[in-house]
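Following: one structure in structure tokens, then a few remarks.
Note: hydrogens, waters and symmetry copies are ignored here, and every other heavy atom, side chains too, is used. None of the values given here were measured: they were computed from a predicted structure. Order of appearance sets the numbers: ligands from 1, and atoms from 1 within every ligand.
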Amino acid sequence: MEKPAVTNLDIHPLLKKRWSPRSFTSQKVDNDSLARIFEAARWAPSSFNDQPWRFIVGRKGDKTWDMILETLVEFNQQWAKLAPVLVLSIGKKISTKTGKPNRIFEYDLGQGVAYLTFQAMHEGLFMHQMGGLDKDKAASIFNVPEDYQVLTAMAIGHKGEPELLEGDFVKMEKSDRDRLSAAELVFEEEFGQSADFTSKG
Ligand SMILES: Cc1cc2nc3c(=O)[nH]c(=O)nc-3n(C[C@H](O)[C@H](O)[C@H](O)COP(=O)(O)O)c2cc1C
């Protein structure tokens, strides 16, 4: 099943194609693809080039995968158990450069994940991010140091058909996608005043 973004204007085909499925086939993710998606994250920009992103990767069948699944809230466990790869994202709270708190580390980590997502799409994979996990439990079982913070988890794999899912998840998988309009998001002159891209030079 495809759920391309219904865009008003042309955007990059991979961005149009991307969505967050919960159904994944049992096909394994190639190690080379996996290495490349983390390479993409490595090359994201960050404040002071601090690169405050860290990842823990589990492949179905290994101990790490089991441990990541165990940290997810039950809702997420119910579908994420299909994913051949589970990843934990962890941010470094203290700047390596200044030794002071990095007040923007979550933004940077999100940017690393956005790069990773784009490369995953390029590899023919799909991703579903999750904020629903027990972060303290994850930090504890993976011995995450004090100056780091567990933030999200990700399911990665080859997209499956909705019918691989159980119960209400099938309907949710088939539901429409929606977005705020550009007019609600992009302003000029003052906050709330929609930017006009039509009438200017
Ligand atoms: C940081 C973040 C946390 C999310 N947490 C969850 C989650 O815990 N469980 C879930 O099923 N989906 C989660 N999602 C997926 C969003 O619901 C999804 O991206 C959003 O509805 C937009 O849909 P799309 O990605 O298909 O365009 C999360 C997404 C992001 C970016």
Side-chain angles (χ1 to χ4, degrees), residues 1-25 37-38 40-41 44 46 52-58 65 67-93 104-139 144 148-182 184-185:
M1 189 183 62
E2 308 285 335
K3 285 213 309 193
V6 182
T7 57
N8 294 328
L9 300 162
D10 269 348
I11 59 171
H12 191 288
L14 289 180
L15 297 178
K16 189 171 171 69
K17 191 176 174 197
R18 188 213 65 81
W19 61 286
S20 303
R22 294 191 174 90
S23 175
F24 294 94
T25 71
I37 69 172
F38 290 112
S46 60
W53 42 73
R54 303 290 184 272
F55 302 102
I56 294 179
V57 56
W65 187 95
M67 287 158 76
I68 296 175
L69 188 74
E70 202 186 304
T71 68
L72 303 180
V73 296
E74 203 192 329
F75 174 88
N76 286 332
Q77 281 186 7
Q78 282 172 24
W79 59 265
K81 64 186 178 194
L82 291 177
V85 175
L86 292 175
V87 176
L88 216 51
S89 85
I90 300 162
K92 187 164 194 281
K93 294 187 283 185
I104 211 158
F105 78 96
E106 288 138 308
Y107 179 96
D108 287 343
L109 173 61
Q111 192 144 227
V113 173
Y115 269 51
L116 190 157
T117 308
F118 194 89
Q119 185 68 31
M121 292 299 300
H122 183 60
E123 302 288 338
L125 301 165
F126 277 78
M127 257 184 57
H128 197 127
Q129 300 180 51
M130 289 165 269
L133 73 158
D134 186 335
K135 294 168 193 173
D136 293 337
K137 182 175 176 181
V144 176
Y148 291 80
Q149 189 180 320
V150 174
L151 277 160
T152 61
M154 293 166 248
I156 305 175
H158 297 271
K159 180 167 52 72
E161 288 307 313
E163 286 68 29
L164 291 174
L165 291 159
E166 294 158 9
D168 287 350
F169 286 115
V170 178
K171 207 166 78 193
M172 287 160 70
E173 194 77 340
K174 293 177 178 172
S175 68
D176 288 342
R177 303 174 63 208
D178 66 337
R179 286 299 191 268
L180 298 171
S181 68
E184 291 169 284
L185 301 170

* Quick one: does Lys3's side chain have a donor or acceptor within less than 3.5 Å of a partner on Ser20's backbone? -> no

* Asked: What protein heavy atom is closest to atom 26 (O) of ligand 1, reported as residue, atom name and distance in Å?
  -> Ser20 N, 2.9 Å

* At a 4.0 Å threshold, what atoms of ligand 1 neighbour a non-hydrogen atom of Trp19? -> 26 (O)

* Decide whether an N or O pair under 3.5 Å exists between Gly131 and ligand 1. => yes

* Asked: Counting heavy atoms only, which of Glu106, Gln129, Met130, Lys3 is nearest atom 30 (C) of ligand 1?
  -> Gln129

* Structure fact -> protein heavy-atom neighbour closest to atom 27 (O) of ligand 1 works out as Arg177 NH2, 2.6 Å

* To do: Please report which non-hydrogen protein atom sits nearest to atom 9 (N) of ligand 1, along with the residue it belongs to and the distance in Å to one decimal place.
  => Asn76 OD1, 2.8 Å

* State whether the shortest distance between N or O atoms of Arg18 and N or O atoms of ligand 1 falls below 3.5 angstrom. => yes

* Asked: Taking NZ, NE, NH1 and NH2 as the nitrogens, is one of them in Glu166 or Arg22 under 4.0 Å from a carboxylate oxygen of the other?
  -> no

* Close-contact set for ligand 1 against Gly132 heavy atoms, below 4.0 Å -> 8 (O)

* **Heavy-atom donor-acceptor pair, Gln77 side chain to Leu72 backbone, under 3.5 Å** => yes

* Asked: Is the backbone N or O of Ala83 less than 3.5 Å from a side-chain atom of Trp65, with the two atoms forming a donor-acceptor pair by type?
  -> yes

* **Aromatic centroids of Phe75 and Phe169 separated by under 6.0 Å** => yes

* Per-atom contacts of ligand 1 with Phe75, taking only distances under 4.0 Å to non-hydrogen atoms -> 11 (O)

* To do: For Arg22, take its heavy atoms, then give the atoms of ligand 1 lying under 4.0 Å from any of them.
  => 10 (C), 11 (O), 12 (N)

* Asked: Can you tell me if Glu184 uses its side chain to pair, donor with acceptor, with the backbone of Ser181 under 3.5 Å?
  -> yes

* To do: Verify the contact flag for atom 21 (O) of ligand 1, where contact means a protein heavy atom under 4.0 Å away.
  => no

* Lys174 and Glu163: CA distance, side-chain angles, deciding distance, salt bridge (charged side-chain N to carboxylate O under 4.0 Å, His left out) verdict -> CA-CA 10 Å; Lys174 293 177 178 172; Glu163 286 68 29; 3.1 Å; yes

* Structure fact -> Of all protein heavy atoms, the one nearest atom 12 (N) of ligand 1 is His128 NE2, 2.8 Å

* Asked: Can you check whether Glu70's main-chain N or O pairs, donor with acceptor, with Lys137's side chain at less than 3.5 Å?
  -> yes

* Is there a donor-acceptor pair under 3.5 Å between the side chain of Glu173 and the backbone N or O of Ser23? -> yes

* Would you verify that at least one protein heavy atom lies under 4.0 Å from atom 16 (C) of ligand 1, or report that none does? => no

